[in-house]
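See structure below.
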Amino acid sequence: MYTVLICDDDKDIVSALDIYLTSEGYRTLKAYDGLECLKLVEEHEVHLILLDVMMPGLDGIRTTAKLREKRNIPIILLTAKSEDSDKVLGLNIGADDYVTKPFNPIEVIARVKSQLRRYTTLGGQQHAGGPAVLTNGGIRLDDTAKAVTVDGETVSLTPIEYNILLLLMQNPGRVYSTGQIYELVWNDPALGSENTVAVHIRHLREKLEIDPANPRYLKVVWGLGYKMEKL
């Protein structure tokens, strides 16, 4: 049974999400501010966090930053339509996805299932019969151990980052549009996906490249998309 931590200062929203998630068989934990969220994560095994952006005290953005210092738990932000800049900021500091309020419970459940699937399988997109270990230059991806190293040093990736890297390393030299990457990795229609994909590519470059501004591996093909350069 997976445990989902719901954090929102609106108790009605927490209660509604609790009903939706428990009806789907998830165990839930409830928090009403960022500090309480951080405390529960330390005390319990948490598999996913639904995190409101606008909360008094420690807001969702700063809570996400704190969580990412030590943990790769999937984080789905709960945002209002007027908080577009916060969505981008949240993705920039490590959130995996967001749901806009007022939300459709079916959409929330679908996003939760999608993120948990990535978190628990970390690379389930590998083609049948494909190699378990992929190498390119100094990057080594072991899909059995779900481990990535660069020049022998272990690199910690979120589930989304891992799956993007796996996709590109399985197909070196092939250019993928942002829409294709989004649909293959997120398993959702690629509507307005450009910023989301770009943010995660930037995170990958920061972790994999010696000079992220002049990448050796993750190349942009202007007007077309991204590819893994063969080295």
Side-chain angles (χ1 to χ4, degrees), residues 48 61 64-65 67-77 87-98 114-115 117-127 130-188 190 192-231:
L48 182 141
I61 300 298
T64 298
L67 288 164
R68 283 292 175 255
E69 289 175 3
K70 295 190 292 183
R71 300 178 186 275
N72 284 333
I73 303 168
I75 299 171
I76 301 175
L77 296 178
K87 294 172 190 175
V88 174
L89 180 56
L91 292 171
N92 277 337
I93 61 175
D96 296 280
D97 204 353
Y98 61 84
S114 181
Q115 290 296 334
R117 188 163 57 245
R118 290 185 200 98
Y119 183 56
T120 54
T121 63
L122 276 181
Q125 296 171 24
Q126 182 173 337
H127 305 305
V133 177
L134 301 168
T135 59
N136 187 39
I139 300 176
R140 183 179 188 273
L141 185 151
D142 184 337
D143 197 36
T144 300
K146 311 304 180 191
V148 175
T149 60
V150 178
D151 298 328
E153 297 290 328
T154 300
V155 176
S156 178
L157 301 181
T158 68
I160 291 289
E161 292 164 358
Y162 181 95
N163 280 302
I164 292 174
L165 180 62
L166 177 63
L167 172 68
L168 297 178
M169 287 194 68
Q170 285 174 334
N171 302 276
R174 176 175 171 179
V175 178
Y176 285 89
S177 70
T178 55
Q180 288 173 322
I181 293 172
Y182 193 87
E183 289 179 357
L184 289 166
V185 173
W186 276 260
N187 293 318
D188 284 326
S193 60
E194 291 82 2
N195 284 342
T196 301
V197 172
V199 165
H200 286 88
I201 291 289
R202 183 164 59 78
H203 288 166
L204 271 173
R205 283 176 170 165
E206 290 169 353
K207 295 179 179 182
L208 302 175
E209 306 279 3
I210 295 175
D211 182 2
N214 296 286
R216 296 175 61 217
Y217 298 107
L218 296 176
K219 297 282 192 176
V220 62
V221 181
W222 295 109
L224 295 176
Y226 300 95
K227 68 174 181 176
M228 171 62 71
E229 186 77 10
K230 294 180 182 179
L231 295 178

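We count residues from 1, following the sequence as given. Computation of the quantities below employed the complete heavy-atom set of this structure, encompassing side-chain atoms and omitting hydrogens, waters and symmetry-equivalent molecules. Quantities reported herein were computed from a predicted structural model and do not represent experimental measurements.
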Salt bridge (charged side-chain N to carboxylate O under 4.0 Å, His left out) contacts in which one or both residues fall within residues 152-170, not counting sequence neighbours: E161-K207

Please check if atom CD1 in I210 has more than 12 non-hydrogen atoms from other residues, nucleotides or ligands closer than 6.0 Å. no

For S156, what residues pass the side-chain contact (heavy atoms from CB on, under 4.5 Å) criterion, not counting sequence neighbours? N72

Can you give me every donor-acceptor pair (side chain of residues 213-220, partner residue at least two apart or in another chain, under 3.5 Å) with its distance?
unit_1	atom_1	unit_2	atom_2	d
N214	ND2	D211	OD2	2.8
Y217	OH	G138	N	2.8
K219	NZ	P215	O	2.9

So which pairs with a foot in residues 172-185 pass salt bridge (charged side-chain N to carboxylate O under 4.0 Å, His left out), sequence neighbours left out? none

What is the distance from atom OH of Y176 to atom CG of N171, rounded to the nearest 0.5 Å? 3.0 Å

With side chain to side chain contact (heavy atoms under 4.5 Å, CB included) as the criterion, how do D142 and T149 come out once you've worked through the C-alpha distance, each side chain's angles and the decisive distance to 0.1 Å? CA-CA 9 Å; D142 184 337; T149 60; over 6 Å; no

Nearest 0.5 Å please: distance from the CD1 atom of I164 over to the CG atom of L157. 10.0 Å

If a pair satisfies salt bridge (charged side-chain N to carboxylate O under 4.0 Å, His left out) and one of its residues is in residues 89-98, list it, with sequence neighbours excluded. R68-D96, D97-R111

Quick one: do L204 and L165 satisfy side chain to side chain contact (heavy atoms under 4.5 Å, CB included)? Show the steps, please. CA-CA 8 Å; L204 271 173; L165 180 62; 4.3 Å; yes

List the steps and the verdict of side chain to side chain contact (heavy atoms under 4.5 Å, CB included) for L67 and K70. CA-CA 6 Å; L67 288 164; K70 295 190 292 183; over 6 Å; no

Would you say L77 and L91 make side-chain contact, with heavy atoms under 4.5 Å? no

Sequence neighbours excluded, which residues qualify as ring-ring contact (aromatic ring centres under 6.0 Å, His included) partners of Y182? W186

Please report the closest heavy-atom contact between T178 and V197, naming both atoms and the distance. O-CG2, 3.6 Å

Can you tell me how far NE2 of H200 sits from OH of Y226, rounded to the nearest 0.5 angstrom? 12.0 Å

How long is the straight-line distance from CG of L168 back to CG of N163, given to the nearest 0.5 Å? 11.0 Å

Separation between CD1 (I61) and CD1 (I93), nearest 0.5 Å, reads 5.0 Å

Hey, could you give me the CE/OH distance between M169 and Y162, rounded to the nearest 0.5 Å? 9.5 Å

Could you walk me through whether M228 and L167 pass the side chain to side chain contact (heavy atoms under 4.5 Å, CB included) test, one step at a time? CA-CA 9 Å; M228 171 62 71; L167 172 68; over 6 Å; no

Hey, could you give me each pair passing salt bridge (charged side-chain N to carboxylate O under 4.0 Å, His left out) that has a residue in residues 220-231? Not counting sequence neighbours. K227-E229

May I ask you to test the Q115-I160 pair for a side-chain heavy-atom distance under 4.5 Å? yes

Test of understanding: with side-chain contact (heavy atoms from CB on, under 4.5 Å), list the residues that count as partners of N92, not counting sequence neighbours. V88, V199, R202

Is it the case that the side chain of N136 and the backbone of L231 share a donor-acceptor pair, with hydrogens and angles ignored and the cut-off at 3.5 Å? yes

So do the side chains of L208 and R205 get within less than 4.5 Å of each other, counting heavy atoms only? no

side-chain contact (heavy atoms from CB on, under 4.5 Å) involving S114 - partner list, sequence neighbours excluded: R117, R118

Residues which pass salt bridge (charged side-chain N to carboxylate O under 4.0 Å, His left out) with R71, listed by chain and number, not counting sequence neighbours: E42

